[in-house]
S.K.: 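Got a structure for you, questions after.
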Amino acid sequence: MRLAPVLRGLGWRERFDCRGLEVARWFPGHMAKGLKDMKSRLRAVDCILEVHDARIPFSGRNPLLQEALGIRPHLLVLNKMDLADLTHKPQVLKRLEQQGFRHVVFTDCLKDENVMKIVPIVTELISNNQRYQRSENVESCIMVIGVPNVGKSSVINSVRRRHLKKGKASLVGGAPGVTRAVLTKIQVCERPLIFLLDTPGVLSPQIECIETGLKLALCGAIKDHLVGEEIIADYLLYALNCQKQFSYVEHYGLPNPCDNVEMVLKSIALHLGKTQRVKVLTGTGNVVMTSPNYKAAACEFIHSFRKGLLGKVMLDQLE
């Protein structure tokens, strides 16, 4: 465990110490190819449906997607609303509107909540805009875009389930990178006739800052090992404490809230029996000892957060 104790005096950290961390970069070949394919398909697209994580409504959205695909009407879907603290939803919508996003829908694809709002909004957006080279087409084609693992495929399946009463048509996974190419059109509605295009999650080649990268990693948009499970766990602990979300204390049987990630992970490891046997060299020979498995504890901590077991949060600051 290489993370230093982080308790400052008797209070919580006021900011996360990013010194020594590098900005996460994850732009493999399938992402570059996916963005190129999206551009080539724009001629057959009537509207853009951008899906993003409701816990980070302002962070991590790829500016390249906005630049390349912004010539079409746009609806922003903030998915996984069941995991987000929506106490300040009006402020979120107001700030997004100030940034130029007037059409925003919060959704929960597990319960299909608010999904029925999508088709009426995109239908109106399309009807109010010129359909270049597509004025004679009866059907509408919507391209679904976003960073990895925000639920693009889940949104497609949810819309299809609600309107056509049919099952999954697009692969869904709990890790980034499940959809790796622009797929064929998927019908999701009969009247009006609407098709959706699933696309691979595309991150910006250079994430704007380290903390944005940590937020994306915590929400599962970047594979954990690229950032480091213990670093993600430390940022999670910082975020929970900042928002006075102390449910992790009861969840893992801790005596009280703590701002020291090493102590928290040690307690989690011991509480769940996540230990490992390691050899220790001594002057009289090797000794096998049992020690906490910090990485396994970090993975458990992160996984519990992503399942909503540690409370609802809004990782983006509203100020």
S.K.: Side chains of Tyr294 and Glu229: any donor to acceptor distance under 3.5 Å?
M.R.: no

S.K.: Which pair of non-hydrogen atoms, one from Gly60 and one from Thr212, has the smallest distance, and what is that distance?
M.R.: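 Looking at all heavy atoms of both residues, the shortest contact is N-CG2, 3.7 Å.
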
S.K.: Thinking salt bridges, do Asp234 and Arg13 make one under a 4.0 Å N-O criterion?
M.R.: yes

S.K.: Decide side chain to side chain contact (heavy atoms under 4.5 Å, CB included) for Phe246 and Asn256; before the verdict, give the C-alpha distance in whole Å, the side-chain angles of both, and the deciding distance to 0.1 Å.
M.R.: CA-CA 9 Å; Phe246 302 131; Asn256 48 257; over 6 Å; no

S.K.: Measure the spacing between NE2 of His74 and CG of Leu125 and express it to the nearest 0.5 Å.
M.R.: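 It comes to 10.0 Å.
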
S.K.: According to side chain to side chain donor-acceptor pair (under 3.5 Å), who are the partners of Gln245, at least two apart in sequence or on a separate chain?
M.R.: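 Gln245 satisfies side chain to side chain donor-acceptor pair (under 3.5 Å) with no residue once adjacent residues are dropped.
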
S.K.: Grouping I, L, V, M, F, W and Y whenever their side-chain heavy atoms are under 4.5 Å apart, do Met263 and Ile302 come out in a common cluster?
M.R.: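 Per the 4.5 Å side-chain linkage, Met263 and Ile302 are not co-clustered.
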
S.K.: Please check this pair: side chain of Ser158 against backbone of Val155, looking for a donor-acceptor N/O pair closer than 3.5 Å.
M.R.: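 Between the backbone of Val155 and the side chain of Ser158 there is no qualifying donor-acceptor contact (under 3.5 Å).
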
S.K.: Quick one: pull up CD1 in Ile186 and NZ in Lys166 and give me the separation to the nearest 0.5 Å.
M.R.: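 These two atoms lie 12.5 Å from each other.
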
S.K.: Answer yes if Phe195 and Val51 sit in the same cluster of Ile, Leu, Val, Met, Phe, Trp and Tyr residues linked by side chain heavy atoms under 4.5 Å apart, and no otherwise.
M.R.: no

S.K.: Are Leu226 and Leu236 connected, step by step, through hydrophobic side chains (Ile, Leu, Val, Met, Phe, Trp, Tyr) whose heavy atoms are closer than 4.5 Å?
M.R.: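 They do share one cluster, since a chain of ILVMFWY contacts under 4.5 Å joins Leu226 to Leu236.
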
S.K.: Check the pair Cys219 / Leu315 against side chain to side chain contact (heavy atoms under 4.5 Å, CB included), numbers first and verdict last.
M.R.: CA-CA 9 Å; Cys219 292; Leu315 295 174; 3.7 Å; yes

S.K.: For the residue pair Thr275 / Asn293, report whether a side-chain donor-acceptor contact shorter than 3.5 Å exists.
M.R.: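 No, no side-chain donor-acceptor contact under 3.5 Å.
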
S.K.: In chain order, what residues pass the salt bridge (Lys or Arg N to Asp or Glu O under 4.0 Å) check against Lys80, with sequence neighbours excluded?
M.R.: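 Applying salt bridge (Lys or Arg N to Asp or Glu O under 4.0 Å) to Lys80 gives none.
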
S.K.: Could you check whether Arg161 pairs with Asp112 (Lys NZ or Arg NE/NH1/NH2 to Asp/Glu carboxylate O, under 4.0 Å)?
M.R.: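 So Arg161 pairs with Asp112 through a salt bridge.
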
S.K.: Residues in side chain to side chain donor-acceptor pair (under 3.5 Å) with Asp85, at least two apart?
M.R.: Thr87

S.K.: Salt bridge or not for Arg61 and Glu50, using N-O below 4.0 Å?
M.R.: yes

S.K.: With sequence neighbours excluded, what pairs up with Asp108 under the side chain to side chain donor-acceptor pair (under 3.5 Å) test?
M.R.: none

S.K.: With side chains defined as the heavy atoms from C-beta onward, is the minimum distance between Leu83 and Lys312 less than 4.5 Å?
M.R.: no

S.K.: Under the side chain to side chain contact (heavy atoms under 4.5 Å, CB included) test against Tyr252, which residue among Val264, Leu272, Leu270 passes?
M.R.: Leu272

S.K.: Walk me through it: do Val77 and Lys152 pass the test side chain to side chain contact (heavy atoms under 4.5 Å, CB included)?
M.R.: CA-CA 9 Å; Val77 173; Lys152 296 182 295 298; over 6 Å; no

S.K.: Can you give the donor-acceptor pairs under 3.5 Å from side chains of residues 114-124 to other protein atoms, not counting sequence neighbours?
M.R.:
unit_1: Asn114; atom_1: ND2; unit_2: Phe106; atom_2: O; d: 2.7
unit_1: Thr123; atom_1: OG1; unit_2: Val119; atom_2: O; d: 2.7

S.K.: If you take all heavy atoms of Val202 and Pro148, which pair is closest and at what distance?
M.R.: N-CD, 4.0 Å

S.K.: Any donor and acceptor pair, going by atom type alone, linking the side chain of Arg160 with main-chain N or O of Gln187 inside 3.5 Å?
M.R.: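 Here the side-chain-to-backbone pair exists.
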
S.K.: Going through the distances and angles, do Lys215 and Asp316 end up as a salt bridge (charged side-chain N to carboxylate O under 4.0 Å, His left out)?
M.R.: CA-CA 8 Å; Lys215 292 176 183 178; Asp316 278 344; 2.9 Å; yes

S.K.: Report the distance from atom NZ of Lys274 to atom CD of Glu300, rounding to the nearest 0.5 Å.
M.R.: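 Between Lys274 NZ and Glu300 CD, I get 5.5 Å after rounding to 0.5 Å.
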
S.K.: Let me know which of Leu42, Leu197, Leu75, Leu76 forms a side chain to side chain contact (heavy atoms under 4.5 Å, CB included) with Ile48.
M.R.: Leu42

S.K.: Please report the shortest heavy-atom distance between Leu218 and Tyr235, naming the atom on each side.
M.R.: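 Distance-wise, the nearest heavy atoms are CD2-CD2, 4.0 Å.
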
S.K.: So does Glu139 pair up with Lys185, basic N to acidic O under 4.0 Å?
M.R.: yes

S.K.: Within this structure, what is the CZ-CE distance for the pair Arg72 and Met143, rounded to the nearest 0.5 Å?
M.R.: 9.5 Å

S.K.: For the pair Arg306 and Asp53, find out whether any cationic side-chain nitrogen is under 4.0 Å from an anionic carboxylate oxygen.
M.R.: no

S.K.: Could you report the tightest heavy-atom contact between Cys141 and Ala44, atom names first, then the distance?
M.R.: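 For Cys141 and Ala44, the tightest heavy-atom pair comes out as CB-O, 3.2 Å.
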
S.K.: Give the minimum heavy-atom separation between Leu216 and Val147, together with the two atoms involved.
M.R.: CD2-CG2, 4.3 Å

S.K.: If I compare all heavy atoms of Asp46 with all of Pro73, which pair ends up nearest, and what's the gap?
M.R.: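 Closest heavy-atom pair between Asp46 and Pro73: O-CD, 3.3 Å.
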
S.K.: Checking side-chain polar atoms at under 3.5 Å, does Asn241 have a donor or acceptor matched by the opposite partner on Tyr248?
M.R.: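 Indeed, the side chains of Asn241 and Tyr248 share at least one donor-acceptor pair under 3.5 Å.
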
S.K.: I'd like to check His52 versus Leu78 (side-chain heavy atoms, cut-off strictly below 4.5 Å). Are they in contact?
M.R.: yes

S.K.: Please report the C-alpha distance between Leu310 and Phe301 in whole Å, then the side-chain angles of each, then the deciding distance to 0.1 Å, and finally whether the side chain to side chain contact (heavy atoms under 4.5 Å, CB included) criterion is met.
M.R.: CA-CA 9 Å; Leu310 304 181; Phe301 191 32; 3.5 Å; yes

S.K.: Roughly how far, to the nearest 0.5 Å, is the OG atom of Ser304 from the CG atom of Leu309?
M.R.: 5.0 Å

S.K.: Pairs in or reaching into residues 97-107: which pass side chain to side chain donor-acceptor pair (under 3.5 Å), with residues at least two apart or in two chains?
M.R.: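 Only Asn79-Thr107 qualify under side chain to side chain donor-acceptor pair (under 3.5 Å).
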
S.K.: Can you find a heavy atom in the side chain of Met314 that is under 4.5 Å from one in the side chain of Pro57?
M.R.: yes

S.K.: Hey, what do you get for CZ (Arg95) to CZ (Phe58), rounding to the nearest 0.5 Å?
M.R.: 4.5 Å

S.K.: In terms of heavy-atom contacts, does NE2 of His271 have more than 12 from other residues, nucleotides or ligands at under 6.0 Å?
M.R.: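 Enclosed.
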
